[in-house]
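A quick write-up on the structure given underneath.
Predicted model, so just to flag it, every value in this text is computed and none were measured. Atoms considered below: every heavy atom in the structure, side chains included; atoms not considered: hydrogens, waters and symmetry mates. For ligands, and for the atoms within them, numbers begin at 1 and follow the listed sequence.
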Amino acid sequence: MKTPITVSVTGAAGQIGYALLFRIASGAMFGPDQPVNLRLIEIEPAMGALEGVIMELDDCAFPLLNEVVATSDLNVGFSGANWALLVGSVPRKAGMERADLLKINGGIFTGQGKAIAENAADDIRVVVVGNPCNTNALIAMNSAAGVPNDRFFAMTRLDENRAKSQLAAKANVHNSDITNMCIWGNHSATQYPDFTNAKIKGQPVTDFIKDQEWLEGEFISTVQQRGAAIIKARGASSAASAANGLVDTVRALTTPTPAGDWTSICVCSDGSYGIDAGLIASMPIFVKEDGSWDVVPGVEVDAFSREKIDASVQELRDEKAAVADLLA
Ligand SMILES: NC(=O)c1ccc[n+]([C@@H]2O[C@H](COP(=O)([O-])OP(=O)(O)OC[C@H]3O[C@@H](n4cnc5c(N)ncnc54)[C@H](O)[C@@H]3O)[C@@H](O)[C@H]2O)c1
């Protein structure tokens, strides 16, 4: 057995937390021979519910679960963390402006970024799920003095999975036949699922799907609006598929990317593809044998894609401007 790794999860008593923790503890995220310590972080009012979740974790008697700590103290919560999965955030309430939401959550991620810098392990990696996840990750990154920028990520893997599933259904092929699916920009309704570079059985999507109007219209809007469609149908937001997206994200970051393929993750831009350096934006990423990652170079961006990417990047700039005072 390997030495246990420490995984901190915020919002652990929430809906995604409930779908996520059992998959981490079962080995789905870090593999069947990797024991884990869980540090579960919640706000005080949710500590009772968190105790219930921990009772259920106990009742699974997971062989890989080494230790569980429940806390609302960030210094305890991020102590020795190898991974920080920042799921908790405050949802938008009726009458709340987007700028107010950005500021409220911004306050949370400043404190968490600082506590990560002061308490986490040297190899800490941070994945933000709580929305607005790109800008929350930007704030955490800017607050975590001494932690390299390339350790901060935000999640668009759920969007990538949604896009693959839509293409597979339309082309009447299996999900696993779809590769090179990139989500560009913000995890929001402006995101751009790039069908122009995606492949089906190694061929351009248009070899299988001749309906260009569907690709440029309904396909994009279905992926962009999928979260809202699930809330409408289920009466609650996507939690199991979001947790699954996070399992996939961490696995993608800990496994070399198959040659020629890529994965969508929001990372700190180096200025590639006309995305301002320093913004946390989704782009095509590959993970190397040594565990480091890079932006995939040379992906073709045609005029249609350029316009869509620019619109989403502009939204990220606007979000950054709205929280400028938190980025000092
Ligand atoms: N990036 C994505 O693809 C994606 C997909 C789905 C959902 N999300 C986002 O994930 C977040 C969580 O979703 P959910 O369905 O689990 O929501 P939820 O409301 O069920 O749970 C959120 C939890 O976070 C906790 N929390 C709030 N502030 C906290 C803080 N400061 N520290 C620690 N915990 C705190 C709450 O007590 C609650 O238990 C939401 O922001 C949602 O929009 C992102």
| Worked verdict on Leu40 versus Leu57 for side chain to side chain contact (heavy atoms under 4.5 Å, CB included) | CA-CA 12 Å; Leu40 307 181; Leu57 281 168; 4.3 Å; yes

What I want to know is whether [X] and ligand 1 share at least one N or O pair that is separated by under 3.5 angstrom.
X     : result
Gly88 : no
Ile16 : yes
Ser89 : yes

Per-atom contacts, ligand 1 versus [X] - under 4.0 Å to a heavy atom:
X      : answer
Ser238 : 6 (C)
Cys133 : 1 (N)
Ile108 : 31 (N)
Ala13  : 39 (O)
Ile41  : 33 (C), 34 (N)
Ser237 : 15 (O)

| message | Any non-hydrogen side-chain atom of Val323 less than 4.5 Å from a side-chain atom of Ile139? | response | yes

| request: State whether the side chain of Lys308 and the backbone N or O of Phe304 hold a donor-acceptor pair below 3.5 Å, judged by distance alone. | output: no

| request: Check for a donor-acceptor pair, side chain of Ser165 on one end and backbone N or O of Asn161 on the other, with a separation under 3.5 Å. | output: no

| task | Please work out whether the ring planes of Phe219 and Trp214 are parallel, tilted or perpendicular, with thresholds of 30° and 60°. | result | tilted

For [atom], find the nearest protein heavy atom and state the residue, atom name and distance (0.1 Å precision).
atom                    : answer
atom 32 (N) of ligand 1 : Gln112 NE2, 3.6 Å
atom 30 (C) of ligand 1 : Ile43 CG2, 3.5 Å
atom 3 (O) of ligand 1  : His187 CE1, 3.0 Å
atom 21 (O) of ligand 1 : Gly14 CA, 3.2 Å
atom 44 (C) of ligand 1 : Val129 O, 3.0 Å

| said: Tell me whether atom 19 (O) of ligand 1 lies less than 4.0 Å from at least one protein heavy-atom position. | reply: no

| task | Pick one of side chain, backbone, both or neither for how Arg157 approaches ligand 1, counting any non-hydrogen atom pair under 4.0 Å. | result | neither

| field | ligand 1 versus Asn131: contacting region, heavy-atom distance under 4.0 Å | value | both

| Are Val36 and Val126 linked, directly or through other ILVMFWY residues, by side chains that come within less than 4.5 angstrom of each other? | no

| field | Criterion side chain to side chain donor-acceptor pair (under 3.5 Å) on Gln314 and Asp310, from CA distance to verdict | value | CA-CA 6 Å; Gln314 186 55 46; Asp310 286 350; over 6 Å; no

| message | Run Tyr18 and Glu56 through side chain to side chain donor-acceptor pair (under 3.5 Å) and show every step you take. | response | CA-CA 10 Å; Tyr18 192 66; Glu56 286 204 71; 2.7 Å; yes

| Counting heavy atoms only, which of Gln15, Arg162, Glu42 comes nearest to atom 35 (C) of ligand 1? | Glu42

Sequence neighbours excluded and cut-off under 3.5 Å, please list the side-chain donor-acceptor pairs for residues 72-85, or say none.
| residue | atom | partner | partner atom | Å |
| --- | --- | --- | --- | --- |
| Ser72 | OG | Glu44 | OE2 | 2.8 |
| Asp73 | OD1 | Asn75 | N | 2.8 |
| Asp73 | OD1 | Val76 | N | 3.4 |
| Asn75 | OD1 | Asn119 | ND2 | 2.9 |
| Asn82 | OD1 | Thr6 | N | 2.8 |
| Asn82 | ND2 | Asp123 | OD1 | 3.0 |

| message | For Ala239, state whether at least one heavy atom is located under 4.0 Å from any atom of ligand 1. | response | no

| Does the pair Ser241 and Asn244 meet the rule for a side chain to side chain donor-acceptor pair (under 3.5 Å), with working shown? | CA-CA 5 Å; Ser241 54; Asn244 182 69; over 6 Å; no

| Stepwise ring pair (Phe, Tyr, Trp, His ring centres under 6.0 Å) check, Trp262 with Phe286 | CA-CA 5 Å; Trp262 57 64; Phe286 72 98; 10.0 Å; no

